[in-house]
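Here's the structure we're looking at; comments come further down.
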Amino acid sequence: MSKRRADDQQAQAIKERLALRARNAPAPAPNEASGSPEAEPSAQARQHFLGPKLASLVAGRNLEQLPVAHIAPELRPDLRQPRMLPLPDQLVVKGETPPEYEELVAELRDLGASLRERQIQPIVVYPGTSAELPEARYLILIGQRRWTAAQLVGLPQLEAIVIDPPDPLERITLQFAENEARESFSDIERAWTLQHLRERMGGEQVAVHEVATKLKLKRSRAYQLLRMLAFPPEQQQMVALLRLQERQLLPLLDALHQGQVSSAQSAKILQRLRDIAAERALSSRQLAEEETTRSVESPRRSGIDAATVARLVARANNSELLGGAPQAPNPRWYQSLLDDCSSFSRKLRRASERANELDAQASAELRRRLEELQHQAQLLHEALEDA
Amino acid sequence: MTHVYAIANEKGGVGKTSVAVNLAAAFAKLDLHVLLIDFDAQRHASRWLGLDPDGLAVEDSFLGIASQRRRLEQVVRQTAEGVDVLPAHKDMIGLPETLGRSMGGGIYLLRKALEQAASSGYTPDVVVLDLAPARGPVLATALAAATRCIAPVQAADLVLQSLGDLVESLAQAQEFNPQLQGFSVLRNNYSPRATLDHAYDQALSEVYADALLKTTIPSRALIRLASGSQQSVFRFHGPDEHAVRGVFLALAEELLTLDGVPA
């Protein structure tokens, strides 16, 4: 997401936390039909909805306590939310959790525990039935993650707002808007949503930028995200589980698109990334327990950065070459930047000798550009010192 | 209830102005009405927030209030970052003497000025006082109006000594200002990898355990660069900006959690 939005959301998240502390009201009484003691907590709960469209859909509706057993996620293939969220019976099979879901289950259990204490935002459901879960009378529009968490910890009820079934396009844009605000929403899930929406809007004939506009994404960003779908489906699942973002995976995506890395190699690289993420998660948990200072970074990052990925890609290339020259350990942009620096340096030197050829306006413009350049150069210089 | 934060440490160079300006901007980002009062004749805070203090008359600073020629709400200026500023003037180098000449050392000047402004309808949610590195009448006047004193510290020698002196001043100030409930030590310019920082951390935790703020301002090029460009980190652009802004937002959040959110 854009830096500006990310900044605003930081501030927004803090304001919500503080508002919650300030109000500190006792939990709303269950199932009171629009009496005025109910209205206050409802209004508070509704305030947490982050999109205006969703807010208007839920306006005027009461909060209800619904049994979790009566709620189910929408599982029909063309209506299902494109998110990395397995069903509860896939997460816990015969009392055990498959290893690839361990971290996810741990997070969801934490979520469940905090929901038990206080449910800040109601989930949003609409009347419907489910073939897989016959007891259900409501389907989830927003809140599948919380529902899954509730299932895992055995929470019997969830606070919900019941609305009318949304139309298919609206559903996708609403879910995207709500998900955008959540930290757990990853780039590949955004890519899935883009593709999903494009199919619903008419398929290949619909221009990508039309789809992007509906989700309030920039066209270039949409293309960036769609590139992630170059991975075969199982690898996409792994990317989603590891929550690897597009920026981190860029070296691998570039290599895939340019045919420098095969699909099998890509699978191996992703497996290696999973191992690294597990190692780093373990060590950061240990560090977190020892730390006296507070970390501002969010707790669950995959611990992978673009440089790590680039290293693995280079190594993969290396191991396939027979007796070839060893690949440079540095990322590709480094060499390219060095080349640019040398050629630019030459140009500047030549220009200095011919500075009097320019008129006043051109001169001023060039000076402005040079100042900007100096500024960027200084930032990079400092960053290199800090690294 | 207005929170009045006095950023104080008689050692220079610990980052008082940097903390004051960035914290004020962070509060503004959280949509609070913030006033920053620049008490330092070096006038850095005023400049960072976009004012040109050398274009102002001496009465347009706290000196105007000290000489009773102005009321607070008359001299407050709004700035682009959403922080109100009472700017400093270079003649404020003589503020300690000016205060010394008033009855009672001018100790209630700031407090009265804030109270009068409130009754005229000017009620910021938060007031941040950027003090010069000194002990004396200005610190006393600030502490007489403050609800919390925040002392930025760096992992450097003699820090514990200067904190000890500050704590003494605070104890005295509490006698004439019962509203001064809080004292916080803020670790500034810390590099988590340095063993020296760990050692000071430990020493600080032993002596000032309850006062230590959990949020720590890390040593980051962006903070230095922003101050070099005379901007807050919320206006300055650089690769680290999101994380650094997050730190100051976290600091604002911690303080609001300690002191409550102004209604």
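Every chain is numbered from 1, with letters handed out A, B, ... down the list of sequences.
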N-O pairing of A:R247 and A:D305 below 4.0 Å: no
Go through the structure and list residues passing salt bridge (Lys or Arg N to Asp or Glu O under 4.0 Å) with A:D254, not counting sequence neighbours. A:R227
Nearest atoms (heavy-atom pairs only) where B:N22 meets B:V233: OD1-N, 2.8 Å
Below 30° counts as parallel, above 60° as perpendicular, anything between as tilted: where do the rings of B:Y208 and B:F183 land? perpendicular
Among the options B:A221, B:A252, B:G260, B:S229, pick out the one with the most heavy-atom pairs lying under 4.5 Å from chain A. B:A221
One thing to verify: whether A:E107 and A:R243 come together as a salt bridge, which I'm taking to mean a side-chain N less than 4.0 angstrom from a carboxylate O. yes
Which of B:L170, B:V185, B:N9 passes side-chain contact (heavy atoms from CB on, under 4.5 Å) with B:C149? Answer is B:L170
Out of B:H44, B:R235, B:R47, which one pairs with B:Q230 under the side-chain contact (heavy atoms from CB on, under 4.5 Å) rule? B:R47
Can you tell me which portion of B:L225 sits under 4.5 Å from chain A's heavy atoms? Options are side chain, backbone, both or neither. side chain
Under 4.5 Å, heavy atom to heavy atom: which of residues 375-385 of chain A reach chain B? Give them by number, or say none. A:H375, A:Q378, A:L379, A:E382
